[in-house]
Structures are given as structure tokens and as C-alpha cells.
Amino acid sequence: MASQYYQEMEESFKNNNKSREFPAHTAKVHSVAWSCDGRRLASGSFDKTASVFILEKDRLVKENNYRGHGDSVDQLCWHPTNPDLFVTASGDKTIRIWDVRTTKCIATVNTKGENINICWSPDGQTIAVGNKDDVVTFIDAKTHRSKAEEQFKFEVNEISWNNDNDMFFLTNGNGCINILSYPELKPIQSINAHPSNCICIKFDPTGKYFATGSADALVSLWDVEELVCVRCFSRLDWPVRTLSFSHDGKMLASASEDHFIDIAEVETGEKLWEVQCDSPTFTVAWHPKRPLLAYACDDKEGKYDNNREAGTVKLFGLPNDS
């Protein structure tokens, strides 16, 4: 029997399964993220800029473009509780903190290498940034100074705190999840999660689970308390690049080079919906309050000029009659 939630969401998506795209950048979009209040969506791109949109009923309206980085903006994230601040990680060996009220860069922090992943601690006090040389730097969000720096002996893919802010997780190239105590940064555990490269990690908003995506095309769901794998989702055929839990923790979106985004019911693993795409998906992010999914793909402009990248941001979950 399908759960009541399953039936409700299936019914909801039957009436709200429209995707719409919005011009954002002049090159491919690497990362999308919602502010904590859900009013704004930010995107970071290969074109060295970040864009911020305001969500109006069923569309995204571009508010500003943020320039300053000298290289690709690979990942960005918002402050966990302040909807006005976001931070970008770039290959130019800096991170930048931006304020949407002044549209200015309030801090540029120099780091040692080309930055590829970034996350903000749940308590808002620390920003962690990882670079191509597998160094993770912990930056004080108020003083903008480095508090700690760790060099890892393995390929670091994605990084995240747990929701309680007392553990720090890394996914690595050997298929493991490494867990460190925080702020001591002492190794607690290393979990052999996948037979191949473990790429991405996300914690669900309720704090019950986290999910990892791997090069073996599997998504694993883990119990945070027990650190055991609860179930696997195996509908994708390509390495899983990006994951996002819905605001209630009940849906999990995962995407890859497959030409669809899988939306699963977390508690059963069943497929709730799939969002059709024309090309590989780089990034997905559920809205913090509504069943709206922002995402970005490796789209090309037009049918004839296949070399131009589109740089659009997409929104799924819009009413079919909108």
C-alpha cells in the first residue's frame, strides 16, 4: 500500500509538474541554493558570477548579479538563519561573503588552493571550504579569519556538518564517509559506504537521516544516530552528483548525467516522480517551505549552435496551468 503521504504528493505533482527556466548566467550553472526563508535563490556559475533571484508566486525574478571572483564559482551556500548572507567558493583561491541588502561583497577571504566545496555550520559561526588539494579550511564567519586547516590524505569530495553542529562529515574518493568530532576535528569513524567514489552528502532537515551519492549510481540513506545504511535508491545509471531533501525530510531528489531527476519517498524508497531533463544535472535544491525544486543542467543554447552554454536556472513543481 502506498503511504498517505505518497498519495498526497503524487496528487500534488499531477497538478504541479511544470518546469520553467530562467536566464541566470552566460555559462553553465554549478550550484543553486535557497535562502533559509525561501524568498531568494542564488546560483553560481562557470561565468565567475553569482546571481540572486526573488521567488514571486510561480516565477523567479532576477534581483542581482554578483561580480568579483576571478574564476568559476563552483559552490555557494546561504547563512543557515540569516536570509541576507551567502558565501561563494571559487577556483580563484578565495571565498566571498555577500549581503543581498547592500549587494556588496562584505568579505573576501584568501585560501590556499582552488576551492570546490563549501558549507556553513548550522550555528552560523563557521564556514568550511574544501579545495582541489584536499585541504579543508575552517573560517570564522565573523572575523573572516581561518580557525583551523586540515590536510587529508584522500580525495575530499563534499563536506557537511551534522545538524547538531558537533560532527563534521566528508565523503571521499575511496567510497568512505569520514566523520570527525567538531570543533576538535578528531577522527571518530570511517564508514565504507560505497564500492566506488563517494561524491555528495546531505543531511535531512529533521536530523534523522543523511544521504550519500556515489559513482556507482547509488544513493544511500543513513541513520544519523546508528550510522547504519537504512536503504538504497538505485534508479539512476550514472554517478550521483547532487542530492536534496525536501523541507519536511520526506522526499529526496537525486540527479546525475541521467536525463531525469529522481524524486523518492524517503521512508519507502519508492519513486514519487521523475523530472525530465534534456541533459546532465549539476545541482538540485528543494525550497525550504514548499515542494518546489530548483535545479540546473548542462544545457546548450538553441538547436544549431551547440557550443553555447545556456546558463539557466530551472524550477520544478509549478502549477500546470501557470
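In this chain, residues are counted from 1 in sequence order. On a predicted model such as this, the values are computed, not experimentally measured, just so you know.
- A side-chain donor from one of Q4 and E8 sits under 3.5 Å from a side-chain acceptor of the other.
- The 12-atom threshold is exceeded at CD of E56, counting heavy atoms of other residues, nucleotides or ligands nearer than 6.0 Å.
- A distance-only check finds no donor-acceptor pair linking the side chain of S220 to the backbone of C232 [under 3.5 Å].
- Scanning all heavy atoms of the two residues, the minimum distance from G68 to R96 falls at O-NH2, 3.2 Å.
- The backbone N or O of E149 sits nowhere less than 3.5 Å from a side-chain atom of T137 that would complete a donor-acceptor pair.
- No side-chain N or O of H30 forms a donor-acceptor pair with one of T283 less than 3.5 Å apart.
- Taking the six-membered ring for Trp, F169 and F210 have ring centres closer than 6.0 Å.
- In the hydrophobic cluster analysis, where Ile, Leu, Val, Met, Phe, Trp and Tyr join through side-chain heavy atoms closer than 4.5 angstrom, F152 is grouped apart from I199.
- Of the charged side-chain nitrogens involved, at least one lies within less than 4.0 Å of a carboxylate oxygen, so that R290 and D58 count as a salt-bridged pair.
- Between the D74 side chain and the N117 main chain, no donor and acceptor come within less than 3.5 Å of each other.
- A donor-acceptor distance shorter than 3.5 angstrom exists from the side chain of S214 to the backbone of N197, with no hydrogens or angles considered.
- Note on D99 versus R101: salt bridge recorded, some NZ/NE/NH1/NH2 to OD/OE distance being below 4.0 Å.
- Applying the ring-ring contact (aromatic ring centres under 6.0 Å, His included) test to every pair with at least one member in residues 35-70, sequence neighbours left out, gives these pairs: Y66-F86, Y66-W98.
- Residues L55 and R40 are not in side-chain contact: their nearest non-hydrogen atoms beyond the backbone lie 4.5 Å or more apart.
- The closest side-chain donor-acceptor pair between K147 and T126 falls under 3.5 angstrom.
- A salt bridge (Lys or Arg N to Asp or Glu O under 4.0 Å) with K208 holds for exactly one of E226, E225, E267; it is E267.
- With values rounded to the nearest 0.5 angstrom, N157 atom CG is found 8.5 Å from D134 atom CG.
- Here Y295 and F282 keep their ring centres 6.0 angstrom or further from each other.
- A side-chain donor-acceptor contact under 3.5 Å links S43 and H25.
- Side-chain contact of S279 with H259: a donor-acceptor pair under 3.5 Å is absent, judged by distance alone.
- In this structure, T171 contributes its side chain and I177 its backbone to no donor-acceptor pair below 3.5 Å.
- Across T81, L85, L76, N82, a single residue satisfies side-chain contact (heavy atoms from CB on, under 4.5 Å) together with W120, and that is L85.
- Side-chain contact between T212 and V219 is absent, with no heavy-atom pair separated by less than 4.5 Å.
- Annotation for K93: atom NZ does not count as buried by contact number, only 12 or fewer foreign heavy atoms lying within 6.0 Å.
- Counting heavy atoms from C-beta on, the side chains of F203 and N162 come closer than 4.5 Å.
- Although no hydrogens or angles enter the test, the distance criterion places no donor-acceptor pair under 3.5 Å between the side chain of T88 and the main chain of V73.
- Counted by atom type alone, Y182 and S121 present zero donor-acceptor pairs between their side chains at under 3.5 Å.
- Summarising the local packing, CG of N15 is surrounded by more than 12 heavy atoms from other residues, nucleotides or ligands at distances under 6.0 Å.
- V156 and F138 fall within a single hydrophobic cluster, where Ile, Leu, Val, Met, Phe, Trp and Tyr are joined by side-chain heavy atoms under 4.5 Å apart, directly or via other members.
- The backbone N or O of V135 sits nowhere less than 3.5 Å from a side-chain atom of D133 that would complete a donor-acceptor pair.
- V284 and W286 fall within the same hydrophobic cluster, where Ile, Leu, Val, Met, Phe, Trp and Tyr residues are linked whenever their side-chain heavy atoms come under 4.5 Å apart, directly or through other members.
- Looking at S322 and K18, their side chains come closer than 4.5 Å, going by heavy atoms from C-beta outward.
- With ring centers used as reference points, Y209 lies 6.0 Å or more from F245.
- Transitive grouping of hydrophobic side chains (ILVMFWY, heavy atoms separated by less than 4.5 Å) keeps L227 and L243 in distinct clusters.
- Judged by distance alone, with hydrogens and angles left aside, the side-chain atoms of K289 form a donor-acceptor pair with the main-chain N or O of D37 at under 3.5 Å.
- Formation of a donor-acceptor pair under 3.5 Å by the N172 side chain with backbone atoms of C176 is found in this model.
- A donor-acceptor distance shorter than 3.5 angstrom exists from the side chain of N65 to the backbone of A50, with no hydrogens or angles considered.
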Checklist entry - So S244 and K202, side chain to side chain donor-acceptor pair (under 3.5 Å) or not? Walk me through it. => result CA-CA 7 Å; S244 181; K202 278 289 181 301; over 6 Å; no
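- Two residues are said to be in side-chain contact when any heavy atoms from C-beta on lie closer than 4.5 Å; V136 and I159 meet this criterion.
- Ring geometry for F316 against F13 counts as tilted: the plane angle lies between 30° and 60°, on a 0 to 90° scale.
- No more than 12 heavy atoms of other residues, nucleotides or ligands shown are found within 6.0 angstrom of NZ on K112.
- Side-chain contact check for E274 and Q276: at least one donor-acceptor pair (N or O, by modelled atom type) lies under 3.5 Å.
- For the pair G249 and D204, the tightest heavy-atom approach, listed with the atom from each and the gap, is CA-OD1, 4.0 Å.
- Within the 4.5 Å cutoff, the side chain of K62 has heavy atoms near those of the S51 side chain.
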